[in-house]
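Notes for the one structure printed next.
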Amino acid sequence: MTTPVTSRRAVARAASPPARRRRSRGGATSGAALHRPWWVPLLWTAPAVAVIVGFGIFPFVNTVVLSFTDARPLGGGGSWVGWENYARLLTDSDFWLATRNSIFYAVVAVPLLVVLPLVLAQLVVNRIPGIGFFRTAFYAPVVASMVAVALVWQSLLSERGPVNSALQQFGLISSPIPFLSDTTLLLLSAIALTVWKGLGWYMIFYLAALANVPRELYEAAELDGAGPVRRFLHITVPGVRLTMLLIAIMSGIGSLRVFTEIYVLGGATGGLGGQARTLPFYIRDTALDPIAGNAGYGAAVSVALFLLTVGLAVLSHRFGSEKEEA
Amino acid sequence: MSIVESSPRRTVGRFPRRTRELIVRYAILTGVLAISIGPLLWQLSSSLKGPGEALFGTEATLLPQDPSLAAYATVFEQVPMALYIRNSLIMCLLTVASQVVFPTLAGYMLSRRQWRGRRVFYWLLIVSMMFPFESIMVSLYLQIRDLGLVNSFVGVWLPGAIAAVNVLIMRATFAAVPDEVEEAAMLDGAGEWRRFVRIYLPAARGSLVVVVINSFIAAWDDFLWPFIVLRSEELYTLSLGLARLSASSLSFDPRVLMAGSVIAIVPIMVLFIVLQKHFFKGVESGAIK
């Protein structure tokens with residue numbers, strides 16, 4: 001399963017407006033009559049239906065069922081245990097720590113990923129000389145592999161790394177900052193990496209949205225003497241509000257899915273004693289360890305993760321529509 | 001555009017306001033540039049530094065003083081890099097092939113034809129996108145296990161072989177093809193498959209480029225799922241191999257580690273730079289909207 005593709009799942013959902021749906025339904029006049037022979041469309045769509053149902057929808061139903069069992073990753077187990085796994089969740093301090101870390105991740109990363117890419121898009125939206133180069137360069141981290149760039153960041157942020165030595169050289173700090181060993185700093189470093197790699201990706205969405213903000217508004221505001229900052233706050237931001245909401249949801253769900261950043265920056269344990277583990281990290285550890293793994297319990301954690309993503313989407317939506325009224 | 005062109009006469013200081021704005025803009029752009037590609041350049045420079053050169057600390061220089069490919073030689077000698085690259089390429093080709101072929105067929109039927117089950121299929125796509133991969137991976141693993149696909153490329157590929165979002169992208173793309181074009185072809189007596197190949201596929205070129213790039217990057221980049229499915233090192237993809245490298249004793253020389261990660265980034269950068277014109281065009285024409 002592929003990371004960017006799944007993280008883009010939310011996009012299409014939110015980005016397929018009902019208008020387009022309706023248009024396409026009635027739009028293909030040639031399709032007004034039922035296709036003949038009837039089985040041809042089924043044949044053409046069969047592989048997609050099979051994969052989407054088998055590996056997109058069934059697994060969720062199965063996860064819910066599994067969460068009431070004690071299934072093991074190597075087979076065996078799988079007998080019904082009722083609410084036992086959920087009862088265990090409530091008192092599992094590692095689970096709550098992972099939940100807290102994941103929420104912290106989203107709370108810090110989402111505002112940054114909503115605002116910074118918009119500023120970036122505003123900077124590259126106009127066709128000034130060389131802008132193609134800047135756009136491509138800003139997109140480069142999106143294309144680079146996460147494990148590879150995480151290794152670079154690990155070197156950059158290590159005790160003797162360039163960041164610490166630069167700060168020491170300027171006399172800002174006397175001893176190196178433990179970016180990768182202190183749990184909170186590790187989480188913040190991972191967030192910085194996520195944001196750095198996500199900037200270009202979300203910038204693209206804003207570029208598409210900015211294309212729909214009428215140019216005349218900027219000209220009028222300029223004639224009124226509004227500077228770049230005021231034009232940004234009073235024209236750009238209101239003009240792309242829906243995209244901001246979309247990106248809040250996308251980046252929020254993305255934050256709850258973080259695994260690789262913590263794994264590479266914090267090591268295989270997920271920070272000192274697993275203190276920096278996120279929920280996906282914890283799911284992998286509890287459910288899929290071949291020896292001690294408990295897929296049933298991991299499934300219960302998975303359901304919790306799913307509920308958290310739903311909660312976050314609802315929250316963003318509520319927050320977004322409140323802003324609209326204000 | 002407009003900000004640059006229509007110039008009010010008002011000037012503050014030495015330059016007209018719009019020139020000042022332009023200068024500030026380029027200054028900020030350059031600053032952001034340093035942040036976005038600085039780490040990548042540092043990585044490249046470090047990987048090329050000779051064994052005697054400092055990577056960290058005050059003696060470290062920006063550019064290699066004594067450029068050497070020694071780190072690359074080490075990484076290929078000590079680690080089965082070529083094998084990792086081959087495995088990654090296999091995963092990418094499998095994924096790109098299935099992500100191009102099946103979503104195209106399904107997207108066409110979904111947008112251009114009426115058939116029983118069409119709306120159900122559409123809603124299945126939408127519903128399937130509600131579940132983040134990480135929240136269903138436990139079940140996916142058990143399914144792959146029951147199919148006997150643990151520790152195989154097919155096991156890594158299958159659950160992500162067809163992404164709902166790509167079906168929706170192709171659906172939107174085909175829906176935008178004007179009806180008249182197809183009607184003309186119908187009068188010529190072209191069969192459905194011919195019309196699909198000769199009319200619809202060429203019309204979807206922009207979206208297909210986006211789909212190809214996105215699925216290639218995704219498969220190349222993927223870590224958690226192959227990490228769960230693959231056990232033996234002969235099947236490791238580059239991402240897994242790199243993580244392994246960083247945990248090994250070779251990582252004591254950052255040059256080697258950086259050389260390894262450069263190798264993981266370069267192919268995908270090349271692909272992107274070659275296709276980027278089409279990519280940004282595809283994006284602007286609404287392929288991801």
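Model, not experiment: these values are computed from the prediction. Sequence lines set the chain letters: A, B, ... in the order given, protein chains first and strands last, and positions in each chain run from 1.
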> Does a side-chain heavy-atom distance below 4.5 Å link B:S239 with A:M146?
Replying inline: no
>> What I'd like to find out is whether the side chain of B:F102 reaches to under 4.5 Å of the side chain of A:T45, using heavy atoms alone.
In response: no
> What part of B:I228 is in contact with chain A, defined as an atom under 4.5 angstrom from a non-hydrogen atom: side chain, backbone, both or neither?
Replying inline: side chain
> Okay, side chain of B:R145, backbone of A:P73: is any donor-acceptor separation there less than 3.5 Å?
Replying inline: yes
> Tell me, do A:T309 and B:M130 make a side-chain contact under 4.5 Å, heavy atoms counted?
Replying inline: no
> What is the ring orientation for A:W44 with B:W193, classed by angle as parallel under 30°, tilted 30 to 60°, or perpendicular over 60°?
Replying inline: perpendicular
> Applying the side chain to side chain contact (heavy atoms under 4.5 Å, CB included) test to B:S261, which of A:V149, A:V152, A:V147 qualifies?
Replying inline: A:V152
> Should the ring pair B:Y26 and A:F134 be called parallel, tilted or perpendicular, given that the plane angle runs from 0 to 90° and is split at 30 and 60?
Replying inline: tilted
>> Run the salt bridge (charged side-chain N to carboxylate O under 4.0 Å, His left out) test against B:R244 and tell me which residues pass, sequence neighbours left out.
In response: B:E233
>> Please classify the contact of A:R284 with chain B as side chain, backbone, both or neither, using a heavy-atom distance under 4.5 Å.
In response: both
>> Please classify the contact between A:L120 and chain B as side chain, backbone, both or neither, with a heavy-atom cut-off of under 4.5 Å.
In response: side chain
>> For the CG atom of B:L142 and the OG1 atom of A:T63, what is their distance to the nearest 0.5 Å?
In response: 8.5 Å
>> For a quick test of reading the model, state the closest non-hydrogen atom pair linking A:A287 to B:V138 and the distance between them.
In response: CB-CG2, 3.6 Å
>> Taking side chain as everything from C-beta outward and backbone as N, CA, C, O, which of these in B:L29 sits under 4.5 Å from a heavy atom of chain A? Side chain, backbone, both or neither.
In response: both
> Checking B:L44 against chain A: side chain, backbone, both or neither under 4.5 Å from a heavy atom?
Replying inline: neither
> By a 4.5 Å heavy-atom criterion (distance strictly below it), what part of A:A211 contacts chain B: side chain, backbone, both, or neither?
Replying inline: neither
> Are B:I162 and A:P47 side-chain neighbours, meaning at least one heavy-atom pair lies under 4.5 Å?
Replying inline: yes
> For B:Y108, is it the side chain, the backbone, both or neither that has a heavy atom under 4.5 Å from a heavy atom of chain A?
Replying inline: side chain
>> Using heavy-atom distances under 4.5 Å, tell me whether A:F138 contacts chain B through its side chain, its backbone, both, or neither.
In response: both
> To the nearest 0.5 Å, how far apart are CZ in A:R231 and CD in B:E21?
Replying inline: 4.5 Å
> Could you state the interatomic distance from CD (B:Q43) to CH2 (A:W153), rounded to the nearest 0.5 Å?
Replying inline: 13.0 Å
> For the atom pair CD1 (A:I283) and OG (B:S135), what is the distance rounded to the nearest 0.5 Å?
Replying inline: 7.0 Å
>> Is A:L199 close to chain B through its backbone or its side chain, or both, or neither, when contacts mean heavy atoms under 4.5 Å?
In response: neither
> Taking it one step at a time, do B:W220 and A:S145 satisfy side chain to side chain contact (heavy atoms under 4.5 Å, CB included)?
Replying inline: CA-CA 7 Å; B:W220 186 268; A:S145 313; 3.1 Å; yes
> chain B heavy atoms under 4.5 Å from A:L43: which part of the residue, side chain, backbone, both or neither?
Replying inline: neither
> Rounded to the nearest 0.5 Å, what separation is found between the CZ atom of B:F227 and the OH atom of A:Y263?
Replying inline: 3.0 Å
>> Take a 6.0 Å sphere around CZ of B:R231 and say whether it holds more than 12 heavy atoms from other residues, nucleotides or ligands.
In response: yes
>> Looking at chain A, which one of B:A243, B:P39, B:A106 has the largest number of heavy-atom pairs inside 4.5 Å, strictly under?
In response: B:P39
> So what's closer than 4.5 Å to chain A heavy atoms on B:F216: side chain, backbone, both or neither?
Replying inline: neither
> Between the side chain of A:W196 and the main-chain N/O of B:I35, is any donor-acceptor distance below 3.5 Å?
Replying inline: yes
Only pairs under 3.5 Å count here: list side-chain donor-acceptor contacts from residues 49-58 of chain A, not counting sequence neighbours, and write none if there are none.
none

> Below 4.5 Å, heavy atoms only, C-beta onward: do A:L34 and B:R116 meet side chain to side chain?
Replying inline: yes
>> When you compare the side chain of B:R25 with that of A:N126, does any pair of heavy atoms fall below 4.5 Å?
In response: yes
> chain A heavy atoms under 4.5 Å from B:L158: which part of the residue, side chain, backbone, both or neither?
Replying inline: both
> So which part of A:P176 gets closer than 4.5 Å to some heavy atom of chain B, the side chain, the backbone, both or neither?
Replying inline: neither
>> With a 4.5 Å cut-off on side-chain heavy atoms, are B:L257 and A:Q154 touching?
In response: yes
> Do the non-hydrogen side-chain atoms of A:S155 and B:M258 ever get within less than 4.5 Å of each other?
Replying inline: yes
